[in-house]
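Beneath this line is the structure, given in structure tokens, with notes to follow.
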Amino acid sequence: MKPIWPLALALVVAFPASLLAGAVWIDPLHPQIASAGLILAQLRLPRAVLAVTLGAGLGGAGAAMQGYLRNPLADPGLFGIAPGAALGAVLSLFLGAAGVHLGVWALPAFALGGAGGAMALLGLIAGRDAGTALFTLAGLMLASLAGALMSLMISLSPSPFALSEIVTWLLGALTDRGWTEVGIALPLTALGLAALALAGRSLDALALGEVAAVSLGVSPRRLGLLIIAGIGLTVGASVAVAGIIGFVGLVVPHLVRPLTNRRPSALLLPSALAGALLLLMADIACRLLPLAGGELRLGIALSLLGAPFFLWLLLRMRRGLL
Amino acid sequence: MLATESLSVAGRLEAVSASLRPGDLTAICGPNGAGKSSLLAALAGVLRPGAGTASLDGAPLDRIPPRQRAQAIGYLPQAGEAAWDMNVATLVSLGRLPWRTSAAEDAAAVGAALAAMEMEGLADRPLSKLSGGERARALLGRVLAGQPRWILADEPLAALDIAHAARLMAHLRGAARGGRGVVVVLHDLAQAMNHADRVLVLDAGRLIADAPPTEALAAPVIAQVWGAQMRWLGQPGGYALAPDI
């Protein structure tokens, strides 16, 4: 439980800082700009709340995923829920470009539908007394199926404009998100994190292996359903409002694990806090980095940060084995 | 009373009926592939029988709520593992998961388990820094921390040196004398001969013998089941097995 307070404190400091930083700097004591209040309330505040929400969801989902698969290299994307949600979103963009009028709610609704579809399929395939291996295989198949369908839609996209819209959206960003997106993501993420918290004790038992976990009273079926619901809600909500934001769920639990006693349940909250902090900081960096043609996309920034970290991790693990 | 009645598991156990008493240290012996681990897993309620029943005090194990069963029966699988590099005290504390007791009660149970495994000095050491034998003791300590009425362990001696193996058997005997039921799968027939109150001998999924060790592990039984000509040397409490030439 040690790392919780420092992380919470850092979050409390970073949150107001993120409100002031950006293309237009706001001096809290002597606001120079007339529209400062509007920028804060309608642009920066929802964006910061969204970064914290999605970061907490992805960090918590990553910690639960690694605990469930007993593998430090597991990522919440493994279950095919993120690709499923992305497929839904791409479908709505594709239909929109093809002239079907869907309205502003279409994209998040389609994405959540995609996440829900992936969750239902996972539950159907792997729901009854499933082991983690079956879960992972089913998830990987769902991910590659969703990926193939997405590529198909991209290759069939009716116009270059639709193509660029799809690709840009897939990169993941918090730009121009408002209270509507907060209203979608916040309740779903909170529900998802609650499901993962309920799975905490079972994840602890699972550290001893599946058979020992059953002997400690864990129901594999209940645990599997809680994990599907928890990962599905957090990851689905994040893809629905911000596109694919990779690596948070993989990297954050790693960074935080050495600070805990390594019980999977003790990692959930610190991971959620650290995920929120990382996404908030990364979003500030995206806004501040000068880049011709607009902001650096959050998804790109995190992957740029995450991939080298992952390679370093593999190197370190390999050295540990030798 | 932990009992099986005509318990069958496809390809592994055939109509095994045995009833085990608390207060006894029962050893399950048999050649490789005889079904020892399957029988222990069925007694622990983690392996669902294909036919027949396993029951605790008359109630079929699959009818008992899982958490209640977990409080009564502690089970150590063969080649136990821990996925994360916890320290010994944290690993042992996982044995408290079936309980919803106060932190003080949990700490007392964990302390007692560490003491029983002679691991108080290693409480803060991460698992990756333990020897194989220390890790095996820590994993058994996890079972003891749950303070189950039944302790079921699958080859708990496999990674232990002779001194720790002897002390562990003495501890398990002590647990049995204290009124717990102890069931262990043992490969070392001398350990079974010297420490068990009762021995179940399995061969190809069938129960061949269910008797005190001197009877169940008599030389003719060993010759029949293991196909090895052996004889016992020494005296009660200090038997050793030697090839009969």
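Chain A is the first sequence line, chain B the second, and so forth, proteins listed ahead of strands; every chain is numbered from 1. As the structure is a prediction and not an experimental result, all values here were calculated from the model.
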Q: Compare every heavy atom of B:A70 with every heavy atom of A:L216, then report the nearest pair and how far apart it is.
A: C-CB, 3.3 Å

Q.
Show the nearest heavy-atom pair for residues B:M86 and A:R262, with the distance to one decimal.
A. CE-O, 3.8 Å

Q: Please examine the side chains of A:L208 and B:L91, heavy atoms only from C-beta on, and report whether any two atoms are closer than 4.5 Å.
A: yes

Q.
Side chains of A:N261 and B:N87, heavy atoms from C-beta outward: is any pair under 4.5 Å?
A. no

**Q.** Check against side chain to side chain contact (heavy atoms under 4.5 Å, CB included), A:V211 and B:Y75
**A.** CA-CA 9 Å; A:V211 176; B:Y75 171 65; 3.5 Å; yes

Quick check on [X] against chain A: is it the side chain, the backbone, both or neither that has a heavy atom closer than 4.5 Å?
X      : answer
B:I73  : backbone
B:A44  : neither
B:L76  : neither
B:R69  : side chain
B:P98  : both
B:L139 : side chain
B:S93  : both

Q) So how far is it from A:L206 CG to B:L97 CG, rounded to the nearest 0.5 Å? A) 11.0 Å

Q. Roughly how far apart are A:R201 CZ and B:R67 CZ, rounded to 0.5 Å?
A. 7.5 Å

Q. Does a sphere of radius 6.0 Å around CZ in B:R206 hold more than 12 heavy atoms from other residues, nucleotides or ligands, not counting ones at 6.0 Å or beyond?
A. no

Q. Does CZ in B:R63 sit with more than 12 non-hydrogen atoms of other residues, nucleotides or ligands closer than 6.0 Å?
A. no

(Q) Tell me whether A:R263 forms a cation-pi arrangement with B:W84, defined as NZ or CZ under 6.0 Å from the six-membered ring centre and within 45 degrees of its axis. (A) no

Q: Below 4.5 Å from any heavy atom of chain B, which atoms of A:P258 appear? Answer side chain, backbone, both or neither.
A: neither

Q.
Does anything in residues 1-13 of chain B form a side-chain hydrogen bond (donor to acceptor under 3.5 Å, both in side chains)? List the pairs, not counting sequence neighbours.
A. none

